[in-house]
Amino acid sequence: MIDIHCHILYGVDDGSYCLSESVEMARIAYEGGTRQIIATPHANAPGNDPNAWGDRLAQRLAALNEQLRAENVPMELLPGQEVFCAGDVVSMLKNGALMPLNGTRYLLIEFDFYAHTDTIIEYCEALLAAGVVPVVAHPERYAAVKEDDQTAYRLKKRGCLLQLNSGSLFGAFGRSSQSAAHSLLADSLADFIASDAHSPYVRTPFLGDAHEMVSDMYSLEYADLLFRENPENLINDKEIQAFY
Ligand SMILES: [Fe+2]
């Protein structure tokens, strides 16, 4: 499996705290069947360091990959960011301040949990017009999606992709997010499931149980699409197929 959303890079956001935590996260991910992880530190989050892409993050990623090799943890980390939508994200992207998922056309984006539907749609349309495919992180956690089941359809219709958090399937973010996540799965609107892991203790990068749940409740074919095939196409900058 390939995890496309994970705060495994240490000391750059509210994710992993130190090098040893990052290595432990990679070990846990490996035990759960993950073989590649896109490291997606927060970027452009309000009130925090903008975490602009550059040497600091690139070197941290290289150092962590090096440490994994040194400790014989067979995990490959790829570059990315989780970009909070505020201000002129398109200009930031054009200026090289943001790193799309593995440097592809796909950009992982997040919003305020209470963002208005129109705000979400407007940001997505601006990115699409710039040739970027938005991958909306954890839509099941947004009020706009939970309170109106048309929001997800509107995003998909425009060409956005939806990434659910594995923890949402088990209720880690409350019952309403759990219910929204399963509705998106039942309606075949989800494109990816990723860990959004922040530590080796809670919200971990272990994906094995979530893959098993989707396989049992929906189908093995759908589970493999969400955890393996779509992420593989994404990291290779290929088209993502809808599941109908
Ligand atoms: Fe995240």
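Whatever order the structure lists ligands and atoms in, that order sets their numbers, starting from 1.
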Contact between Asp196 and His7 at the side-chain level, heavy atoms closer than 4.5 Å - yes or no? yes
Compute the angle centred on the Fe ion (ligand 1) spanning OD1 of Asp196 and NE2 of His7, and express it rounded to 10 degrees. 90°
How about Glu82: does one of its N, O or S atoms come closer than 2.8 Å to the Fe ion (ligand 1)? yes
Minimum heavy-atom separation for Thr34 and Ile37, please, with both atom names. CG2-CG1, 3.8 Å
Is the distance from the Fe ion (ligand 1) to the nearest N/O/S atom of His5 under 2.8 Å? yes
For Ala137 and Glu82, work out which heavy atoms get closest and say how close. CB-OE2, 3.7 Å
Going by atom types alone, do Ser168 and Asn165 pair a side-chain donor with an acceptor below 3.5 Å? no
